[in-house]
Amino acid sequence: MKQLMQLIITSLVVAVLLLFSTRFIDPPPKSGKGNILYVYNWGEYIDPDLLKQFEKEHGIRVILETFDSNESMLAKIKNGGTHYDVAVPSEYAIQKMKKDHLLIPIDHKKIPNLKNINPDYLNLPFDKGNQYSIPYFWGTVGILYNPEKTKGIDFSSWDSLWDKRLKDNVLIVDGAREALGFSLNSMGESLNETNPHKLELAEKKLEKLGPNVKGIVADEINTMMVQKEADVAVVWSGMGADIMNENEKLDFVVPKEGSNLWFDNIVIPKTAQNIDGAHEFINFLLDAKIGKQNTEWVGYATPNAASYQLLDKETREDKRFYPDKEVQKKLEVYKDLGYENIKKYNELFLRFKMSLN
């Protein structure tokens, strides 16, 4: 009995010492709304180590939730059932959020690292003066392909995807505007087309692509391309770069007819409860070294000039992922087309997907 009591006492002492040492080495954030930050971001779109670093440096616990489309993000924030302090929408979604009064103005005085952002990516049409948004990453939509397995096919044109030699060999990102977008581009039309007849023609052309489509998928594209389940994919540039790191035999191109030039920005939703913490978090991400680390982990192009200069020369000079001004002139930024037009895009995209069954 005496030995049992000694064992119990010893165990309790060890437990107390471990608890004390853990709290001393890595003290938890204090309780209270101001010490928790709710971040709503795309999946695989921030280095997890940076979240831990921010927590340690600022004493603010970060709770990260992810979304897979601007539409689902908009719906959840508009519903108001959650209190996200930071979100990362794309440019056309920011336009809509501004119209719907879903954003809080950002205090630039609280973000001294804003000076690191390349002026080319500030003051853009979707948010003049960056009143509500701060640049996070940017990129394009293009074709990822295996040159060895697709010899004789010139992927400098969107029409290459319809080549009969690509039967059951093309993956497409699961996005209505991306899919209808490259079909519209292949027809010489705008990514922001709203003419019902032209949209119908774009969907009909997609149906003709059906025999070549292996699947319409999201993040699964990474695994499928790395494991060589397909030789061609329509992807966002950063996704392409990430996959190419795993499979060096792949290449990426933005077709000559044009494509999407997109910008993801950080915003503070109207429902935010930790506005000061949100500003601290944004400023943290805009630090040159932090931005470099995040860029290398995420794989997309950074608008942070200070971070860009810290990247290796090969990355900085890779025009596939940092296209020059001449290429960018052929690219279009998505606009907020309004509820009815977006509904039409979604309906046509669903029709296309149904045609594949």
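Here, residue 1 is the first one in the sequence, and each next residue gets the next number.
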Exercise. Could you grab the distance from atom CG of D318 to atom CZ of F252, nearest 0.5 Å is fine?
Key: 10.0 Å

Quiz item: Nearest heavy-atom pair of S307 and A288: which atoms, and what distance?
Solution: OG-O, 2.8 Å

Quiz item: If you measure from CD on E248 to CD1 on I243, what distance do you get to the nearest 0.5 Å?
Solution: 14.0 Å

Quiz prompt | Common cluster, L348/I216, ILVMFWY with side-chain heavy-atom separation under 4.5 Å | solution = yes

Practice problem: Apply side-chain contact (heavy atoms from CB on, under 4.5 Å) to the pair K325 and D120, showing each step before the final yes or no. | Solution: CA-CA 11 Å; K325 295 296 182 183; D120 288 346; 3.0 Å; yes

Quiz item: Going by atom types alone, do N304 and T302 pair a side-chain donor with an acceptor below 3.5 Å?
Solution: no

Quiz item: What heavy-atom pair brings A233 and I221 nearest, and what distance separates the two atoms?
Solution: CB-CG2, 4.2 Å

Self-check item: Smallest separation among heavy atoms of L161 and F182, with atom names
Solution: CD1-CE1, 3.7 Å

Quiz item: Does the distance from a Lys or Arg side-chain N to an Asp or Glu carboxylate O, for E326 and K319, drop under 4.0 Å?
Solution: no

Quiz prompt | Any side-chain donor near an acceptor of the partner, D47 and Q293, under 3.5 Å | solution = yes

Exercise. Mind checking the CD1-CG spacing from I60 to L51? Nearest 0.5 Å is all I need.
Key: 12.5 Å

Quiz item: Are R177 and N346 linked by a side-chain donor-acceptor pair shorter than 3.5 Å?
Solution: no

Practice problem: Determine, for K289 against D287, whether the closest basic-nitrogen to carboxylate-oxygen distance falls under 4.0 angstrom. | Solution: no

Practice problem: Go through the side-chain N and O atoms of D154 and S160 and say whether any donor and acceptor fall under 3.5 Å apart. | Solution: no

Quiz item: If you look at every heavy atom in N116 and L286, which pair is closest and at what distance?
Solution: ND2-O, 2.9 Å

Quiz item: When you check the gap from the basic side-chain N to the acidic O, do E200 and R351 get nearer than 4.0 Å?
Solution: yes

Exercise. Compute whether any side-chain donor of one residue and acceptor of the other, for K76 and Y84, lie under 3.5 angstrom apart.
Key: yes

Quiz item: Do Y322 and Y308 have ring centroids that are under 6.0 Å from one another?
Solution: yes

Self-check item: Closest non-hydrogen atom pair, V253 against S156
Solution: CG2-CA, 4.4 Å

Quiz item: Counting N and O atoms only, with roles assigned by atom type, does the side chain of E91 sit under 3.5 Å from a partner on the main chain of V333, one being a donor and the other an acceptor?
Solution: no

Quiz item: Just by distance, with hydrogens left out, do D312 and T315 show a side-chain donor and acceptor under 3.5 Å apart?
Solution: yes

Quiz prompt | I77, N265, L102, N70 screened by side chain to side chain contact (heavy atoms under 4.5 Å, CB included) with P89, the one that passes | solution = N70

Quiz item: Of the options L250, V232, V235, which is the one that meets M225 in a side chain to side chain contact (heavy atoms under 4.5 Å, CB included)?
Solution: L250

Self-check item: Between CG on residue L37 and CZ on residue F54, distance to nearest 0.5 Å
Solution: 5.5 Å

Practice problem: Please report the closest heavy-atom contact between G299 and A241, naming both atoms and the distance. | Solution: O-CB, 3.8 Å

Exercise. Answer yes if Y92 and L331 sit in the same cluster of Ile, Leu, Val, Met, Phe, Trp and Tyr residues linked by side chain heavy atoms under 4.5 Å apart, and no otherwise.
Key: no

Quiz prompt | pair W158-S259: side-chain heavy atoms closer than 4.5 Å | solution = yes

Quiz item: Where the side chain of D85 meets the backbone of A278, is there a donor-acceptor pair that is under 3.5 Å apart?
Solution: no

Quiz prompt | Y45 versus D264, side-chain donor and acceptor atoms under 3.5 Å | solution = yes

Quiz item: When you look at NZ of K110, are more than 12 heavy atoms from neighbouring residues, nucleotides or ligands closer to it than 6.0 Å?
Solution: yes

Quiz item: Any side-chain donor-acceptor pair under 3.5 Å between S183 and E203?
Solution: no

Quiz item: Is K109 paired with D107 through a side-chain N to carboxylate O contact shorter than 4.0 Å?
Solution: no

Quiz item: Going by atom types only, do D242 and N222 share a side-chain donor-acceptor pair under 3.5 Å?
Solution: yes

Exercise. May I ask you to decide whether K198 forms a salt bridge with E189, counting only side-chain N to carboxylate O separations under 4.0 Å?
Key: yes

Practice problem: Evaluate the side-chain contact (heavy atoms from CB on, under 4.5 Å) criterion for residues Y38 and T271: first the C-alpha distance (whole Å), next the side-chain angles of each, then the deciding distance (0.1 Å), finally the verdict. | Solution: CA-CA 11 Å; Y38 291 91; T271 54; over 6 Å; no

Quiz item: Does any non-hydrogen side-chain atom of N185 lie less than 4.5 Å from one of P255?
Solution: no

Contacts under 3.5 angstrom, residues 144-153 side chains, donor-acceptor by atom type, not counting sequence neighbours:
residue : atom : partner : partner atom : Å
N146    : OD1  : E148    : N            : 3.0
N146    : OD1  : K149    : N            : 3.4
T150    : OG1  : N146    : O            : 2.7

Quiz item: Could you go step by step and tell me if K292 and E296 meet the salt bridge (charged side-chain N to carboxylate O under 4.0 Å, His left out) rule?
Solution: CA-CA 6 Å; K292 171 183 179 289; E296 291 176 336; 3.0 Å; yes

Quiz prompt | Polar side-chain atom of W236 near backbone of V141 as donor-acceptor pair, under 3.5 Å | solution = no

Quiz item: Between the side chains of E57 and Q53, is a donor N or O closer than 3.5 angstrom to an acceptor N or O?
Solution: yes

Self-check item: Check: I36 main-chain N/O paired with R61 side-chain donor or acceptor under 3.5 Å
Solution: no

Exercise. Kindly confirm or rule out a cation-pi arrangement of K205 over W162, judged by NZ or CZ under 6.0 Å from the six-membered ring centre and within 45° of its axis?
Key: yes

Quiz item: Any side-chain heavy-atom pair from N212 and N169 closer than 4.5 angstrom?
Solution: no

Exercise. Nearest 0.5 Å please: distance from the CE atom of M244 over to the CZ atom of F321.
Key: 4.0 Å

Quiz item: Of D336, V267, D127, which meets side chain to side chain contact (heavy atoms under 4.5 Å, CB included) against K98?
Solution: D127

Self-check item: Test side-chain contact (heavy atoms from CB on, under 4.5 Å) applied to L50 and W297, step by step
Solution: CA-CA 10 Å; L50 291 179; W297 192 91; over 6 Å; no

Quiz item: Any side-chain donor-acceptor pair under 3.5 Å between E332 and S190?
Solution: yes

Exercise. Any chance you could measure N35, atom CG, to N274, atom CG, to the nearest 0.5 Å?
Key: 7.5 Å

Exercise. List the steps and the verdict of side-chain contact (heavy atoms from CB on, under 4.5 Å) for I106 and H279.
Key: CA-CA 8 Å; I106 293 176; H279 282 86; 3.9 Å; yes

Quiz item: Does the side chain of N294 pick up a donor-acceptor pair with the side chain of Y300 at under 3.5 Å?
Solution: no

Practice problem: For this output row, return yes or no: ring centroids of W42 and F67 closer than 6.0 angstrom. | Solution: yes

Practice problem: Check for a donor-acceptor pair, side chain of D219 on one end and backbone N or O of D68 on the other, with a separation under 3.5 Å. | Solution: no

